[in-house]
Amino acid sequence: MRYRDDNKVEAIFDATVQLINEIGFAETSISKIAKRASVSAATIYIYHENKEDLLYKTYLKIKGKMSERMFQGVDHTRTVHERFEAIIRNYVDFIQSFKDYFLFLEQIMNSPLPQKWCLEDTVSQFQPIFAMFDDGIRQGLLKKEDINMLVVYSILPIAELLKSHLKNGTILDSKQLDSAIKMSWDAIKA
C-alpha cells in the first residue's frame with residue numbers, strides 16, 4: 001500500500017490549476033500536468049481515476065477554499081444586511097487573493113463538466129449564504145424570490161465586475177466595492 005504524499009498531491013493540484021488557466025481543458029493532459037508537477041503520470045493515477053476525476057477533485061478543493069474564505073469571521077447573529085456585506089467582502093477578497101482559483105472555477109462553470117457532476121457535494125459548504133437569504137425573505141427585507149435568483153442578481157454581478165478588473169490587472173478599490181455592495185443589495189431588497 002502506498003502512502004499519500006501531500007507534497008505530490010499539492011503539486012498536482014497547483015499544476016492542474018496553472019495549466020487549465022494557461023492552455024485550457026482540451027490542451028491539458030495528464031502527462032502535461034505530471035511534467036509541470038514534477039511527478040510521473042502513474043503518480044497522478046494513484047490519486048485520481050482519470051483527468052475528469054482530477055478536475056472534479058480540484059474543483060471541489062477550490063470551492064471548499066472559497067466557502068471557507070466567504071464565511072470567515074461572519075457573525076451569524078448579525079443583521080441580514082451586515083452578513084450580506086461581510087460575505088461579499090470576503091468573496092471579493094478571495095477572488096482578488098486567489099485569482100488563479102477563480103479563473104479555474106470560471107472555466108469549469110463555462111464547460112459541460114458541471115452537467116456531468118453531482119454538484120450537491122458543494123451545496124452544504126454554502127449553507128450560510130442560503131440561510132442568510134432565507135432569513136432576509138422571512139424578515140421581509142429581501143424579495144420573495146427563489147434564493148437562486150437572489151444569488152444571481154446579487155453575487156454574480158460582483159463576479160463579473162471582478163473579472164473585468166482581473167483582465168485589466170487592476171483591483172476593485174474600497175469605494176467601488178462599497179458601490180457594488182450597495183447596488184447588489186438594492187437589486188434584491190424588498
Side-chain angles (χ1 to χ4, degrees), residues 1-72 87-88 90-126 129 148 151-173 176-177 180 184:
M1 180 175 153
R2 294 187 75 158
Y3 293 97
R4 180 181 172 92
D5 184 333
D6 289 335
N7 292 331
K8 288 181 182 177
V9 171
E10 197 61 30
I12 293 164
F13 170 79
D14 290 339
T16 302
V17 171
Q18 291 167 8
L19 284 169
I20 294 297
N21 287 339
E22 289 171 18
I23 62 176
F25 292 116
E27 296 299 316
T28 300
S29 64
I30 292 290
S31 62
K32 286 179 183 175
I33 293 168
K35 183 176 181 180
R36 175 72 62 98
S38 299
V39 299
S40 71
T43 299
I44 292 176
Y45 288 111
I46 291 170
Y47 303 108
H48 305 284
E49 294 174 29
N50 52 37
K51 179 179 165 183
E52 187 175 327
D53 180 60
L54 170 59
L55 293 174
Y56 181 63
K57 288 176 181 168
T58 303
Y59 168 82
L60 289 178
K61 184 173 180 175
I62 291 173
K63 288 294 269 196
K65 289 175 181 285
M66 182 185 351
S67 72
E68 238 177 69
R69 180 63 71 95
M70 283 178 73
F71 306 118
Q72 183 178 346
I87 290 168
I88 296 293
N90 286 346
Y91 179 61
V92 168
D93 182 57
F94 174 82
I95 292 171
Q96 291 185 149
S97 298
F98 300 100
K99 172 187 169 187
D100 288 344
Y101 293 170
F102 176 70
L103 295 175
F104 176 89
L105 292 176
E106 284 293 303
Q107 285 211 42
I108 289 284
M109 296 314 293
N110 291 311
S111 77
L113 289 173
Q115 296 169 4
K116 294 178 171 183
W117 296 342
C118 177
L119 296 183
E120 278 119 30
D121 295 340
T122 63
V123 171
S124 65
Q125 295 172 327
F126 294 91
I129 203 161
N148 291 319
V151 169
V152 167
Y153 279 89
S154 63
I155 297 174
L156 292 185
I158 301 243
E160 288 301 316
L161 179 62
L162 286 164
K163 274 196 281 190
S164 71
H165 277 275
L166 292 176
K167 282 181 190 171
N168 296 331
T170 59
I171 61 166
L172 195 62
D173 67 38
Q176 291 171 317
L177 178 55
S184 289

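- With contacts defined as side-chain heavy-atom distances shorter than 4.5 Å, the pair Phe25/Ile108 qualifies.
- Atom CG of residue Leu162 and atom OG1 of residue Thr170 lie 9.5 Å apart, to the nearest 0.5 angstrom.
- Of all heavy-atom pairs spanning Ala41 and Ala34, the tightest one is N-CB, 3.6 Å.
- The environment of NZ in Lys35 is sparse: at most 12 heavy-atom neighbours from other residues, nucleotides or ligands sit within 6.0 Å.
- The shortest non-hydrogen separation linking Arg36 to Leu19 is NH2-CD2, 3.5 Å.
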- Message: Please determine whether side-chain contact (heavy atoms from CB on, under 4.5 Å) holds for the pair Asn50 and Tyr56, giving the CA-CA distance in whole Å, both sets of side-chain angles, and the decisive distance to 0.1 Å.
- Response: CA-CA 10 Å; Asn50 52 37; Tyr56 181 63; over 6 Å; no
Show which side-chain atoms of residues 62-72 pair as donor or acceptor with protein atoms under 3.5 Å away, not counting sequence neighbours.
from: Ser67; atom 1: OG; to: Gly64; atom 2: O; distance (Å): 3.1
from: Arg69; atom 1: NH1; to: Asp93; atom 2: OD2; distance (Å): 2.3

- Task: Could you please spell out the steps behind the side-chain contact (heavy atoms from CB on, under 4.5 Å) verdict for His165 and Ile95?
- Result: CA-CA 11 Å; His165 277 275; Ile95 292 171; over 6 Å; no
- Task: Any chance you could lay out the side-chain contact (heavy atoms from CB on, under 4.5 Å) test for Phe102 and Lys163, step after step, and finish with the verdict?
- Result: CA-CA 9 Å; Phe102 176 70; Lys163 274 196 281 190; 3.4 Å; yes
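- The CG atom of Asp100 sits 12.0 Å away from atom CD1 of Ile20, with the distance rounded to the nearest 0.5 Å.
- Judged by distance alone, the side chain of Gln176 and the main-chain N or O of Asp173 form a donor-acceptor pair under 3.5 Å.
- With hydrogens and angles disregarded, no donor-acceptor distance shorter than 3.5 Å links the side chain of Gln96 to the backbone of Ile171.
- Distance check: Thr58 OG1 to Ile12 CD1 gives 9.0 Å after rounding to the nearest 0.5 Å.
- The number of heavy-atom neighbours closer than 6.0 Å to OH of Tyr153, taken from other residues, nucleotides and ligands shown, is 12 or below.
- Nearest heavy-atom pair across Gln107 and Gly24 is OE1-CA, 4.0 Å.
- The heavy-atom pair separating Ala11 from Ala37 by the smallest distance is O-CB, 3.5 Å.
- Under a 4.0 Å N-O distance rule, the pair Lys32/Glu22 does not qualify as a salt bridge.
- Within the 4.5 Å cutoff, no side-chain heavy atoms of Val151 are placed close to those of Phe126.
- Going from atom CG of Leu177 over to atom CD1 of Ile88 covers 8.5 Å, rounded to the nearest 0.5 Å.
- Once rounded to the nearest 0.5 Å, the distance linking CD1 of Ile44 with NZ of Lys51 reads 11.5 Å.
- The cationic atom of Lys8 (NZ for Lys, CZ for Arg) does not lie both less than 6.0 Å from the six-membered ring centre of Tyr47 and within 45° of the ring axis.
- Here the straight-line distance linking atom CD of Glu52 with atom OH of Tyr59 works out to 13.0 Å at 0.5 Å rounding.
- Annotation for Ser154 and Ser184: closest pair O-OG, 2.8 Å, computed over non-hydrogen atoms.
- Closest approach of Ala180 and Leu161 over heavy atoms only: CB-CD2, 3.9 Å.
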